Protein chains: 2
Amino acid sequence: MSIDSATQNWSTAERKIMEATYRAMLEYGYSGLSISRIADQFDKSKASIYYHYDSKDDLLLAFLDFVVDRFKTDFAEGVDEDPNSALTTVIEKLVPLRMNDEEFQGQRVLIELRSQATRNDAFREKFTEINELLVRTICEIIERGIENGTFRDVEAARVAEHIVATVNGSTIDRVTTDRETAPAAVRISLVSYIDSELRSHR
Amino acid sequence: MSIDSATQNWSTAERKIMEATYRAMLEYGYSGLSISRIADQFDKSKASIYYHYDSKDDLLLAFLDFVVDRFKTDFAEGVDEDPNSALTTVIEKLVPLRMNDEEFQGQRVLIELRSQATRNDAFREKFTEINELLVRTICEIIERGIENGTFRDVEAARVAEHIVATVNGSTIDRVTTDRETAPAAVRISLVSYIDSELRSHR
DNA sequence: GTCTATAGCCAGATAGAC
DNA sequence: GTCTATCTGGCTATAGAC
């Protein structure tokens with residue numbers, strides 16, 4: 001899937017509403033979101049929001065697309081490098097030693113939306129897509145590396161699933177606990193796992 | 001920390017309210033929880049809830065304790081076996097090949113509560129506790145195994161962090177996506193990682 | 001301890017002017 | 001497209017009887 005096909009054409013007004021929703025979500029969380037609070041985050045009235053979206057649910061589905069598209073676009077960078085660099089790039093992006101504030105806020109929003117996937121099918125499908133994209137992308141990098149002799153001949157799909165689970169677990173830990181040293185420990189351990197599983201020459 | 005010290009003394013009425021909250025949470029989710037809906041889940045009126053709890057926030061904090069205590073009690077089983085069995089027991093419990101419905105619903109509730117930890121300090125502290133407990137417990141199992149010669153002499157804390165991140169990532173995947181084969185793949189890969197990291201004799 | 005009734009507030013959504 | 005004004009209903013929380 002290309003970036004273009006995943007990205008909707010947002011009108012200016014709609015993009016402004018999405019940005020306002022993002023700010024309201026950061027300030028009040030999913031359970032504290034309201035149309036009034038979204039309207040307070042930009043220069044239009046709340047009635048104008050109903051011109052662009054039929055209902056709050058409709059707006060939330062669009063917002064889910066908006067946030068997930070951003071994540072996918074960001075993730076797609078650097079995956080076309082040679083297998084070794086691509087894998088390093090991906091790991092560094094998904095488990096940074098130190099996450100900047102913008103990424104951190106984005107992950108806060110994502111985890112709140114993800115928790116809705118337990119009850120809402122449209123949300124569930126989106127997060128299924130995200131995890132499939134992560135696994136498929138990493139799997140393809142590993143397969144390319146096996147083909148050109150960079151990596152050992154492992155079960156690429158199994159290793160990719162392991163990496164994605166570890167990466168996701170680390171991210172959740174980062175945004176829902178105060179365990180500040182944990183992400184770096186996982187990063188080191190994950191790189192060491194990848195080295196011994198894919199790059200060792202025994 | 002013993003199970004007793006972690007478990008509060010819930011009165012009968014309070015336990016009934018907690019059970020009702022649990023059912024309401026399953027049906028409506030965190031953002032759909034209301035005092036009326038909780039009252040509808042048992043045989044008392046909503047005013048009676050305010051006799052036992054000062055406010056909705058107060059009730060939610062008690063509910064967080066209730067759910068987390070259950071999780072901790074459940075997790076504590078089997079960790080006192082010999083290191084090899086204890087590690088296997090823990091992994092099988094945290095990444096079951098097939099999760100039964102009760103466990104699954106419990107994890108759904110936990111992830112919704114966990115997502116609140118991004119905005120609420122009391123919630124954040126609880127989930128910090130949970131992850132610390134998981135890491136510490138697994139770390140101690142590994143250290144016991146190293147001492148008695150069952151396991152190789154690895155950095156126990158680092159391996160424990162890796163295992164916990166992978167386990168948590170797998171659980172989130174299970175409750176927020178439709179990727180039904182993913183948990184089993186992670187389980188196999190995780191066991192293989194543990195074997196080669198701790199149990200190999202090269 | 002539990003009830004019914006209700007106060008007061010804010011939500012989602014719509015009407016109709018411009 | 002955006003506004004102000006407003007409807008309806010559910011929410012948290014309390015009052016006061018039993």
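All heavy atoms count here, side chains included; hydrogens, waters and symmetry mates do not. Bear in mind that the values here come from a model prediction, so they are computed numbers and not experimental data. Here is how names work: the chains are called A, B, and so on, in the same order as the sequence lines, proteins then strands, and each is numbered from 1.
- The nearest whole Å value for the distance from the CD1 atom in I38(B) to the P atom in dA13(D) is 11 Å.
- For the pair D43(B) and L33(A), both in contact range of DNA chain C, the more 5′-proximal nearest nucleotide belongs to D43(B).
- In this model, the phosphate group of dG1(D) is approached by a side-chain N or O of Y51(A) to a distance below 4.0 Å at OP1 or OP2.
- When rounded to the nearest whole Å, the span between CG of D57(A) and P of dA11(C) equals 16 Å.
- With rounding to whole Å, K56(B) atom NZ is found 12 Å from dA13(D) atom C1'.
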Could you go through the salt bridge (Lys or Arg N to Asp or Glu O under 4.0 Å) check for K93(B) and E103(B) one step at a time?
CA-CA 10 Å; K93(B) 195 177 310 184; E103(B) 288 172 305; over 6 Å; no

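- Looking at E27(A) and R23(A), their side chains never come closer than 4.5 Å, going by heavy atoms from C-beta outward.
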Atom pairs, N/O to N/O, protein against nucleotides 14-18 of chain C, distance under 3.5 Å?
none

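- dT12(D) atom C1' lies 12 Å from atom CG of L59(B), rounded to whole Å.
- What separates CD1 of I35(B) from C1' of dA5(C) is a distance of 18 Å, to the nearest Å.
- Between Y28(A) atom OH and dA11(C) atom C1' the separation is 14 Å, expressed in whole Å.
- Of the side-chain N and O atoms in S48(B), none sit less than 4.0 angstrom from OP1 or OP2 of dG1(C).
- Nucleotide dT2(D) holds its P atom 4 Å from the NZ atom of K44(A), rounded to whole Å.
- The side chain of H52(B) has dT2(C) as its nearest neighbour among dT2(C), dG12(C), dC11(D).
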Please step through side-chain hydrogen bond (donor to acceptor under 3.5 Å, both in side chains) for the pair R114(A) and N131(A), ending with a clear verdict.
CA-CA 11 Å; R114(A) 187 183 273 267; N131(A) 277 20; 3.0 Å; yes

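- The shortest side-chain heavy-atom distance between F42(B) and I49(B) falls under the 4.5 Å cut-off.
- Separating the CD atom in E102(A) from the CG atom in D74(A) is a distance of 8.5 Å, to the nearest 0.5 Å.
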Set out, in order, the CA-CA distance, both residues' side-chain angles and the distance that settles salt bridge (Lys or Arg N to Asp or Glu O under 4.0 Å) for D65(B) and K126(B), then state yes or no. CA-CA 8 Å; D65(B) 281 343; K126(B) 274 286 166 192; 2.9 Å; yes

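- An OP1 or OP2 oxygen of dA11(C) is reached within less than 4.0 angstrom by a side-chain nitrogen or oxygen of S36(A).
- In this structure the side chain of E112(A) reaches within 4.5 angstrom of the side chain of Q116(B), judged on heavy atoms.
- When rounded to the nearest whole Å, the span between CG of D40(B) and P of dC11(D) equals 9 Å.
- Phosphate proximity of dT2(D) to S45(A): absent, as no side-chain N or O sits under 4.0 Å from OP1 or OP2.
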